[in-house]
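A note on names: the letters A, B, ... follow the listed sequences, proteins ahead of strands, and every chain is numbered from 1. Computed from a prediction, not measured in an experiment: that's the story for all the values here.
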4 protein chains.
Amino acid sequence: MSTKNEITAKRRKQIFEAAVKVMADKGFHDSTIKEIAREAGLGKGTIYQYIRKKEDLVTLIAEEGVLLLSQKIEEVSASADFPEQKLQSIIDVMLRLIQEHALLAKTMAVEIERFKSEDIGRIKDLFSQNILNAFASRIEEVMPGGYFAEGDALVLSDILVAMCFLWAHSDYVKKHAGDIESYKNILSNLFLYGLTRKKETGNG
Amino acid sequence: MSTKNEITAKRRKQIFEAAVKVMADKGFHDSTIKEIAREAGLGKGTIYQYIRKKEDLVTLIAEEGVLLLSQKIEEVSASADFPEQKLQSIIDVMLRLIQEHALLAKTMAVEIERFKSEDIGRIKDLFSQNILNAFASRIEEVMPGGYFAEGDALVLSDILVAMCFLWAHSDYVKKHAGDIESYKNILSNLFLYGLTRKKETGNG
Amino acid sequence: MSTKNEITAKRRKQIFEAAVKVMADKGFHDSTIKEIAREAGLGKGTIYQYIRKKEDLVTLIAEEGVLLLSQKIEEVSASADFPEQKLQSIIDVMLRLIQEHALLAKTMAVEIERFKSEDIGRIKDLFSQNILNAFASRIEEVMPGGYFAEGDALVLSDILVAMCFLWAHSDYVKKHAGDIESYKNILSNLFLYGLTRKKETGNG
Amino acid sequence: MSTKNEITAKRRKQIFEAAVKVMADKGFHDSTIKEIAREAGLGKGTIYQYIRKKEDLVTLIAEEGVLLLSQKIEEVSASADFPEQKLQSIIDVMLRLIQEHALLAKTMAVEIERFKSEDIGRIKDLFSQNILNAFASRIEEVMPGGYFAEGDALVLSDILVAMCFLWAHSDYVKKHAGDIESYKNILSNLFLYGLTRKKETGNG
DNA sequence: AATGAATGAGGGTTCATTCAT
DNA sequence: TATGAATGAACCCTCATTCAT
């Protein structure tokens with residue numbers, strides 16, 4: 001026995017997943033409502049019971065994506081590790097999530113930047129506050145005394161997050177890195193040590 | 001007195017620049033031929049004397065962009081600096097070009113990845129060979145003995161190039177970094193030293 | 001209460017009839033989908049729920065026309081009359097159908113020959129097998145011992161059918177013959193007796 | 001040394017022949033001025049020095065065709081043969097001309113009927129007076145005492161002329177008759193004797 | 001709530017025609 | 001006179017959105 005709300009939630013999920021799947025493949029403009037409806041196993045008209053405009057699907061995807069990432073990221077932030085480990089953890093989690101929700105991440109990475117609707121503004125704020133700031137905090141913990149000013153932390157977190165998303169939509173990166181584990185190591189080492197730091201050969 | 005070829009070249013440039021401008025603002029799909037024509041100061045039909053399909057405009061932009069970058073990048077590579085300076089130079093040049101041709105770079109960054117026409121394949125190869133490889137070579141020169149394997153150079157160049165392009169289309173980065181000079185320093189320091197290297201305070 | 005199929009059938013008919021009407025007047029190229037839609041009392045987009053391309057309308061018209069003619073022609077062929085009466089009957093039926101479906105016949109006569117799509121090939125085969133052959137059979141029955149070889153029957157049926165269709169699109173013929181009854185007599189007499197046979201004045 | 005008029009005449013011929021060639025292949029609407037110009041070895045703009053509108057090409061073709069046919073047909077009419085031979089001659093000439101100027105004839109047959117411009121009216125009159133009437137006269141000479149009324153001659157000449165043109169554009173007729181000689185015989189016999197007249201086996 | 005038939009705005013593209021050279 | 005670059009009207013077709021069932 002399903003309550004009305006349960007059905008609504010189920011439909012939303014159907015539509016969301018179909019939209020993610022189709023849009024990750026074709027991008028926003030080349031995806032049609034008809035195809036998304038078919039993928040969702042619903043009628044074309046039914047979609048419009050749950051969204052007002054096609055654009056809303058991107059909002060939906062963005063929102064879902066940001067929430068998903070936010071939750072996990074917070075967990076990591078709460079861990080008791082050393083700063084460097086915390087940074088590695090957050091990269092690790094981010095990449096794992098992106099891998100796990102590859103299609104969602106791809107659509108987020110590719111479509112969101114170009115959207116200018118009002119709703120997206122709200123989500124970008126959420127993204128900024130929950131994700132970028134979490135990264136920035138982790139970054140701030142490891143950079144004092146080094147080459148960066150305090151204000152650089154935000155830029156660096158923009159960069160790091162973007163590099164994580166790169167895994168979702170860059171064919172080059174996937175081809176060159178081979179697997180996500182390699183990519184994670186490269187990213188961690190780059191951010192922690194840079195290219196020129198020499199590894200200490202463990203003799204003492 | 002203009003020869004036919006001169007006019008043709010001039011028109012191509014007009015159209016190219018109009019396309020870059022409009023597409024950087026609206027993206028491929030939301031740009032209409034009509035608007036591009038208006039921006040170029042030409043009639044709608046005239047556009048089709050110089051391209052066969054709207055899609056060709058992206059190919060054109062991609063090609064022009066890759067050539068533009070390739071040329072300058074090569075110059076840097078030929079310089080006689082030390083490896084670390086060479087890497088800084090190439091980042092410097094890349095960012096300056098991206099700044100100078102901001103709209104072109106934005107369209108390149110945003111649209112090319114999603115295009116799947118045959119012509120784009122050719123251009124991606126060009127991009128890979130001329131730009132990614134140039135970066136990879138510079139990267140290889142500074143990383144021995146450190147945390148990276150030789151094969152990582154390509155991935156790292158993917159990453160570095162992506163970071164440069166981030167300046168072209170990420171509102172966050174622009175807002176957080178303020179100006180391109182800051183961004184350049186952040187990128188250079190990140191790549192050369194990473195977040196955790198401590199600056200030696202010169203009291204030796 | 002209309003089932004989905006009934007509506008579909010109704011729409012198809014609407015569109016078909018509108019297309020016949022408009023195309024008979026203007027020909028394929030000078031007919032626009034917009035006008036056909038208006039004539040059908042439907043929206044422009046609706047047409048494309050029932051056809052894929054404008055060209056399909058010609059296929060549809062051709063097919064319908066051939067089927068229509070085939071059915072009636074077969075009935076005549078099955079009659080028990082003498083050969084000469086059978087030939088007259090088939091001319092009679094053909095002309096009556098062409099008169100009755102004047103617009104359809106005109107479009108058939110004018111447009112089909114020039115179309116080269118694959119679907120038309122199939123329909124031409126149908127036309128050839130069902131209509132030309134029926135005429136040829138009737139012709140074969142009356143011509144032995146005369147001026148024609150057996151193999152001429154097909155050519156003669158091409159000619160006779162073309163003559164019938166002439167009624168559909170030749171202004172000259174309509175003007176000169178006046179009414180279809182006259183035209184039918186002329187055709188029958190021409191085919192049966194030729195120009196030079198003298199009528200026997202019934203005095204014996 | 002060419003006078004201005006000679007060049008003009010030469011250009012007209014070039015354009016005329018190119019138009020005939022292209023239109024016979026593709027029909028009026030699918031022929032472009034560009035292609036006709038190329039076929040004529042002239043620039044696109046040059047065409048418009050000799051015609052006002054694309055439609056004029058059809059007028060030109062029609063006019064030329066009618067004149068061509070008229071001239072030869074008149075010669076035959078002036079011959080001193082017996083009526084039946086005269087009819088055969090006129091069929092013979094007509095078919096030979098159609099064969100010789102196959103492309104011209106095809107375009108005449110296919111395109112003229114649908115054109116409604118004022119100029120075409122004039123040409124149709126010419127056609128009617130010069131060609132249809134010539135045929136009608138020949139027909140009138142052979143039909144007295146037979147199955148036809150005097151007024152039928154015009155209809156019969158419409159029919160006969162149409163049957164001659166059939167050779168120019170019916171694939172069926174060409175395929176079934178094989179060569180034009182056969183077709184000519186079939187047409188002649190049909191018109192002179194009909195299907196049912198028995199050949200007298202010449203034994204007294 | 002679910003559906004898909006109906007719709008028309010809007011976009012890409014073609015091409016007859018013009019006109020400056 | 002010859003040309004072809006320039007132009008925009010006009011057309012086909014797609015697809016987001018609506019709405020009656």
Side-chain angles (χ1 to χ4, degrees), chain A residues 2 4 7-8 10-11 29-38 40-57, chain B residues 1-4 7-8 10-11 14 29-38 40-57, chain C residues 1-4 7-8 10-11 29-38 40-57, chain D residues 2 4 7-8 11 29-38 40-57:
Chain A
S2 312
K4 191 175 122 182
I7 288 196
T8 296
K10 186 181 155 199
R11 289 280 175 271
H29 273 104
D30 290 332
S31 303
T32 66
I33 291 288
K34 193 178 176 181
E35 185 169 5
I36 290 168
R38 183 167 5 100
L42 293 170
K44 188 150 49 94
T46 311
I47 303 288
Y48 282 90
Q49 304 272 355
Y50 299 90
I51 61 169
R52 285 165 309 139
K53 313 196 310 328
K54 188 189 175 192
E55 219 174 287
D56 289 353
L57 287 171
Chain B
M1 186 193 58
S2 314
T3 68
K4 186 184 136 188
I7 291 213
T8 296
K10 186 181 155 198
R11 290 281 174 272
Q14 270 176 286
H29 272 105
D30 289 331
S31 304
T32 67
I33 290 289
K34 194 176 176 180
E35 184 167 9
I36 290 168
R38 184 169 0 102
L42 294 171
K44 187 153 52 99
T46 310
I47 303 291
Y48 284 91
Q49 299 249 357
Y50 299 90
I51 61 168
R52 286 164 310 140
K53 312 193 314 314
K54 188 188 176 192
E55 215 175 292
D56 288 353
L57 287 171
Chain C
M1 187 191 59
S2 313
T3 69
K4 186 183 135 184
I7 290 210
T8 296
K10 186 181 156 197
R11 290 280 175 272
H29 273 106
D30 289 330
S31 305
T32 66
I33 291 289
K34 193 176 176 181
E35 183 167 7
I36 291 168
R38 183 165 7 99
L42 293 170
K44 186 157 50 98
T46 310
I47 302 292
Y48 285 91
Q49 300 251 357
Y50 300 91
I51 61 168
R52 287 163 310 141
K53 314 196 310 318
K54 188 188 175 192
E55 214 174 291
D56 288 354
L57 287 171
Chain D
S2 312
K4 190 174 122 184
I7 289 196
T8 296
R11 289 280 175 272
H29 272 105
D30 290 331
S31 303
T32 66
I33 291 289
K34 193 177 176 182
E35 185 168 6
I36 290 168
R38 182 166 7 100
L42 293 169
K44 189 148 51 92
T46 310
I47 302 288
Y48 282 89
Q49 305 271 357
Y50 299 91
I51 61 169
R52 289 164 307 140
K53 314 197 306 336
K54 187 188 176 192
E55 219 174 288
D56 288 354
L57 287 171

Check your understanding: C:G45 or B:R11: which one's nearest nucleotide on DNA chain F is closer to the 5' end?
Key -> B:R11
State the [atom1]-[atom2] distance between [X] and [Y], to the nearest 0.5 angstrom.
X: D:K44; Y: D:E35; atom1: NZ; atom2: CD; answer: 13.0 Å
X: C:K53; Y: C:I51; atom1: NZ; atom2: CD1; answer: 9.0 Å
X: C:Y48; Y: C:L42; atom1: OH; atom2: CG; answer: 13.5 Å
X: B:K34; Y: B:I47; atom1: NZ; atom2: CD1; answer: 13.5 Å
X: B:E55; Y: B:L57; atom1: CD; atom2: CG; answer: 10.0 Å

Study note, to complete from the structure: Assign each of B:R52 and C:G43 the nucleotide of DNA chain E bearing its closest heavy atom; nearer the 5' end lies the nucleotide of C:G43
Check your understanding: Does a distance-only test, which skips hydrogens and angles, find a donor-acceptor pair under 3.5 Å between the side chain of B:Q49 and the base of F:dA5?
Key -> no
**Study point:** Donor-acceptor pair (no angle test) under 3.5 Å: D:K44 side chain, E:dT17 base
**Key:** yes
**Study point:** N/O (side chain, C:K4) to phosphate O (OP1/OP2, E:dA5) under 4.0 Å
**Key:** yes
Nearest whole Å is fine: how far is [N] [atom2] from [X] [atom1]?
X: B:I7; N: E:dT21; atom1: CD1; atom2: P; result: 9 Å
X: A:R38; N: E:dT3; atom1: CZ; atom2: C1'; result: 16 Å
X: B:I51; N: F:dA5; atom1: CD1; atom2: P; result: 16 Å
X: C:I47; N: E:dG8; atom1: CD1; atom2: C1'; result: 13 Å
X: A:E35; N: F:dT17; atom1: CD; atom2: P; result: 17 Å
X: A:I36; N: F:dT17; atom1: CD1; atom2: P; result: 11 Å
X: B:H29; N: F:dC15; atom1: NE2; atom2: C1'; result: 12 Å
X: A:K54; N: F:dT14; atom1: NZ; atom2: C1'; result: 11 Å

Check your understanding: So what does D:T46 hit on the nucleic acid, given a heavy-atom distance under 4.0 Å: a base, only sugar-phosphate, or nothing?
Key -> base
Review point. What does D:T8 touch in the nucleic acid at a heavy-atom separation under 4.0 angstrom: a base, only the sugar-phosphate, or nothing?
Key: nothing
Check your understanding: Is there a Watson-Crick or G-U wobble partner for E:dA20 with both distances under 3.5 Å, and if so, which one is it?
Key -> F:dT3
Nucleotide of [options] approaching [X] most closely (side-chain heavy atoms):
X: C:I33; options: E:dA6, F:dC12, F:dT3; result: F:dC12
X: A:Y48; options: F:dT18, F:dC13, E:dG12; result: F:dT18
X: C:T32; options: E:dT7, F:dC12, F:dA2; result: F:dC12

